[in-house]
Amino acid sequence: MTVAVGVDSGSTTTKVVVLVNGKVACTTSAVTGPDPAKTASLCIDKALSECGHTFREISCLVATGYGRERVSGATRILTEITCHARGAHAMVPAARTIIDIGGQDSKVIRLDERGFVQDFIMNDKCAAGTGRFLEVMAARLQVGLDEFGEEWGRARGSVKISSTCTVFAESEIISLISAGVKRPEVIKGLCNAIAGRVASMARRVGIEPAVVFTGGVSLNEGVRRALEDALSQKIVVPPMSQFMGAYGAALFAQDLVE
Amino acid sequence: MWPRFFRLHKSPTQGNFPEKALRFLLERGFTYKAVETYLARKSNGQKSYQEVAASGILTELRQAYRRERPVIYTTAFVPTELVYGLGAVPFLPEVWSGFAASLGVAPRAIHISESLGYSQDLCSFHRCGLGLFGMGILPNPSAVIVSSHLCDGGRRSLYYHSRVAGCPLYVLDVPYSFDREARVFLARQIEHVAQDLVRKVPGLSLDHMRRAIEASNGARRVYLDVCRVRRNVPSPWRGSEALNYVSVFLSSWGSGWLPEFYGELLRYLERTVRTCAFPVGNERHRLLWLNLRPYYRTPIFDFLEKQFSTSIAFEEYSKLYWPEIDPDNWAEGLAEKMMSNFGWGPLERRIHAVWSMVEDYSIDGVVQFNQWGCRQSNGGARPLRDFLQKRGIPFLELDGDGVDAGNSGSAQAITRLSAFLEMLDSRGVIA
Ligand code: SF4
């Protein structure tokens with residue numbers, strides 16, 4: 001029996017994927033908080049106990065994400081770029097472009113047919129084009145992030161949010177709301193703004209189908225639809241899309257066991 | 001009106017005790033003797049080329065601060081042979097900004113430049129230079145020479161230095177075309193600047209020109225051998241150190257000590273190859289580094305060289321691009337040197353220069369350090385990326401700041417570099 005563990009210690013969320021004999025046995029996630037090492041350990045323990053295993057049974061553990069250096073017990077450390085590529089290619093073998101929007105960063109990765117990284121680009125310098133941008137706007141609009149898709153569908157038109165800077169965009173939506181623009185239109189405008197920003201990043205590395213969308217924001221239906229519009233491409237959101245980095249890390253761990 | 005305006009804005013901090021004390025020390029001969037003695041004591045840890053550079057730079061600093069020779073401020077793309085040839089000491093504020101960053105003084109200098117009214121959008125190599133000047137710790141210039149090509153921020157920020165110091169400012173207008181007419185046009189300007197300076201600044205004369213040009217040509221010949229040895233796989237020189245010595249490459253052509261410096265460096269590199277004492281063990285990848293580096297303390301080079309066994313095999317700003325200069329026709333020779341800079345003119349020139357370095361130094365991947373505010377370098381990244389990728393050479397744009405540590409994060413830089421190296425690993429380019 002092999003137990004391969006992948007840990008993605010992200011700046012917002014820590015994700016763990018456990019493969020038992022090469023098959024996904026369990027996934028778990030938690031808010032990273034101020035102590036990434038402790039959160040990672042707790043997450044690993046939780047995931048293992050959910051699938052009836054213990055830390056001592058781990059055959060191999062690969063860590064990725066910003067806190068990767070701090071995950072104890074890691075056999076290997078890899079970047080989230082390499083792990084996302086591995087995970088997405090395993091899920092969608094036709095994947096050539098990955099768009100990943102996480103809590104604090106966004107990245108676009110171009111793959112070759114073997115799933116190897118050809119090029120990548122990251123934005124982790126500012127909140128524009130990240131999950132944080134959406135969180136701030138959702139709080140301001142008093143709407144849950146999971147309601148974005150529904151609101152997007154309800155919008156009759158869309159307003160243009162010209163700024164992707166979180167501070168500027170926040171004041172822009174305040175003016176729009178006070179000018180009487182309805183919430184669904186504002187939300188559609190926000191989704192378009194984030195999609196526009198990420199689409200420019202994607203064009204910088206070159207977009208080739210299939211385009212796979214991963215990271216926490218991939219579950220946001222509004223952003224997915226806005227991205228499809230912006231790229232004039234069908235966007236694939238694979239199963240476990242928010243766990244893709246951890247899944248890729250677990251696959252590398254499985255390779256090392258084998 | 002201008003001198004008055006600049007007097008008002010002259011020095012927000014001149015008069016502060018630490019700056020006054022530092023200035024006092026820099027103007028005293030015993031300071032240089034003390035530093036020389038200290039370096040001599042430490043010399044068993046120092047390599048001979050490092051000693052030559054330290055002694056050459058210290059001598060010039062002493063001459064500059066003690067007003068033994070006039071000081072001329074220039075930017076990195078003005079040929080320093082012109083300054084040495086006039087008998088002056090060249091002083092490049094950008095170079096000293098890098099030095100200030102390595103000593104941890106840059107944050108204060110940058111704050112001061114902002115209080116002088118300079119925007120954060122200006123390249124920090126200039127902002128820091130302006131701040132250091134505002135702090136009153138740079139030597140006083142007798143003149144300023146800038147060029148119209150490449151670094152736009154340099155031309156504009158050195159205007160401030162010249163106005164505050166009340167000294168003449170010369171702008172060499174570099175033509176965009178490369179024919180003889182263009183060269184003569186620039187050569188006439190260079191001659192005019194030299195003659196005007198001899199008239200206006202006491203202590204300058206053209207008597208030093210032949211010696212400066214011959215020293216430059218001599219250093220050039222040895223330097224070509226240095227480059228030849230640096231082609232060795234594995235790399236015989238630690239790239240992070242080579243990037244520090246880019247400052248010497250930018251600011252010391254025409255000095256009497258440069259031929260000896262490169263001679264010593266050549267001997268060191270040859271010995272390294274002979275004894276296989278390579279600085280990066282089990283070299284996995286060879287990178288070409290474009291533009292400058294962060295000069296403050298950063299873990300990225302240890303990460304590259306120690307953790308990832310990756311060499312920076314060569315640097316863009318170490319590429320020698322000009323032909324020998326004829327001492328009898330020095331003005332045209334210097335004009336040709338300025339115009340030969342591959343960063344100037346159509347982008348294809350830079351692209352081809354980068355490609356020749358990729359081939360000459362057996363490069364696996366190219367990293368462009370995107371210095372915040374450096375339009376001349378960052379603006380050409382896209383076509384360069386496309387050109388290299390078509391030929392199978394991965395290209396990474398590493399956004400950062402060479403002087404202002406607060407404007408970039410080392411964790412982000414390391415993530416990008418790691419992903420880039422993992423990408424090289426996956427291509428099977430492991431040496
Ligand atoms: S990095 Fe660019 S902008 Fe800054 S001093 Fe150098 S050439 Fe000028």
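Not measured: the values here are computed from a predicted model. Computation of the quantities below employed the complete heavy-atom set of this structure, encompassing side-chain atoms and omitting hydrogens, waters and symmetry-equivalent molecules.
Residues A:K107 and B:R416 are not in side-chain contact: their nearest non-hydrogen atoms beyond the backbone lie 4.5 Å or more apart.
In this structure A:R204 satisfies the salt bridge (charged side-chain N to carboxylate O under 4.0 Å, His left out) test together with B:E397, sequence neighbours excluded. When the side chain to side chain donor-acceptor pair (under 3.5 Å) test is applied to B:W355, the partners found at least two apart in sequence or on another chain are B:E359.
Listed in order of number, the residues of residues 300-316 of chain B that approach chain A to under 4.5 Å between heavy atoms are B:Q307. Taking non-hydrogen atoms and a 4.5 Å limit, the residue list of residues 75-89 of chain A in contact with chain B, ordered by number, reads A:I77, A:L78, A:T79, A:E80, A:I81, A:T82.
Atom CD1 of B:I414 sits about 8.0 Å away from atom CZ of A:R68, to the nearest 0.5 Å. Atom CG of A:L111 and atom OG of B:S426 lie 10.0 Å apart (nearest 0.5 Å).
Atom CZ of B:F99 sits in a sparse spot, with 12 or fewer heavy atoms from other residues, nucleotides or ligands closer than 6.0 Å. For CZ of B:R297, the number of neighbouring non-hydrogen atoms (other residues, nucleotides, ligands) closer than 6.0 Å is 12 at most.
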Q: List the steps, then state whether side chain to side chain contact (heavy atoms under 4.5 Å, CB included) holds for A:D119 with B:F395.
A: CA-CA 8 Å; A:D119 201 0; B:F395 178 77; over 6 Å; no

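Shown here for B:A419 and A:F120, the closest heavy-atom pair between the two residues is CB-CZ, 3.7 Å. Residues B:R427 and A:Q118 approach most closely at NH2-OE1, 3.3 Å, considering heavy atoms.
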